[in-house]
Amino acid sequence: VAPYLRRIYDALGIELDPHWEVGRYEFIRRPELSAERSADGEHAQLRLAATLMNRASRAQPYPLIRLTLEDRWGTALAGRDFAPSDYLRDTARAAGMLGPGERTPVNLLVIDPGVDTVGFTLDICLADSAGAVHCASDASGS
């Protein structure tokens, strides 16, 4: 029914902005960070592997994943938001939805910013129809 309703709203010029539950995404496999060399051998890279699950009762879009690399004091050294097409093996799925209870592997690859990097944080984010990004760690994110 949702696709038909969307078409009706579009025809009427009414923008639909569903209330996604960003706080209902969860990393169910502890994210692992490993160091490796780039394919050309010129750069040190960090690879992060995890498994993401949608714990909401309905399908939700694949989220943005915000990775922040930190030094030993927790100060951010570098960060990046990864779109679904950046972390999904099958990039054709990026425009789709993650079903309720569904899991998906997440694989992120970044250039290592240096020896001071000893930790990281991950956040799950979604953009609203106006383009504003809301993350699970925000007070308004869930």
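Just so you know, residue 1 is the first one in the sequence shown, and it goes up from there.
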Could you tell me which non-hydrogen atom of Pro100 sits nearest to which non-hydrogen atom of Ala56, and how far apart they are?
CB-O, 3.3 Å
For Cys135 and Arg66, which heavy atoms make the closest approach, and how far apart are they?
SG-NH1, 3.4 Å
Atom pair CG/OG1 of Leu77 and Thr68 - distance to nearest 0.5 Å:
10.0 Å
Between Phe82 and Leu48, is there a side-chain heavy-atom distance shorter than 4.5 Å?
no
About how many Å separate CG of Asp81 and CG of Asp86, when rounded to the nearest 0.5 Å?
10.0 Å
Validation row: Leu67, Arg80 side chains within 4.5 angstrom (heavy atoms):
no
Tell me every residue that passes side chain to side chain donor-acceptor pair (under 3.5 Å) with Gln60, counting only those two or more places apart in sequence or in another chain.
Asn54
Note, Tyr62 side chain near Leu88 side chain (heavy atom, < 4.5 Å):
yes
Output side-chain donor-acceptor pairs under 3.5 Å for residues 103-125, partner residues at least two apart or in another chain, one line each.
unit_1 : atom_1 : unit_2 : atom_2 : d
Asp112 : OD1    : Gly114 : N      : 2.9
Thr117 : OG1    : Gly114 : O      : 3.3
Asp123 : OD1    : Ala136 : N      : 3.4
Asp123 : OD1    : Ser137 : N      : 3.2
Asp123 : OD2    : Ser137 : OG     : 2.3

Nearest heavy-atom neighbours spanning Ile28 and Arg55:
CG2-NH2, 3.6 Å
Less than 4.5 Å apart, side chain to side chain, heavy atoms only: is that true for Tyr25 and Leu126?
yes
Here the pair of heavy atoms bringing Ala59 nearest to Trp20 is O-CZ3, 3.4 Å
Taking a hydrophobic cluster as the set of Ile, Leu, Val, Met, Phe, Trp and Tyr residues connected by side-chain heavy atoms closer than 4.5 Å, whether directly or through intermediates, do Leu98 and Leu64 fall within one such cluster?
no
Can you find a pair of side-chain heavy atoms, one from Pro63 and one from Tyr87, that are under 4.5 Å apart?
yes
Between the side chains of Arg93 and Glu102, is the shortest nitrogen-to-carboxylate-oxygen separation below 4.0 Å, so that they form an ion pair?
yes
Side chain to side chain contact (heavy atoms under 4.5 Å, CB included), that's the test. Do Leu52 and Glu26 meet it? Break it down for me.
CA-CA 6 Å; Leu52 179 69; Glu26 180 181 343; 6.0 Å; no
Separation between CZ (Arg24) and CE (Met53), nearest 0.5 Å, reads 9.5 Å
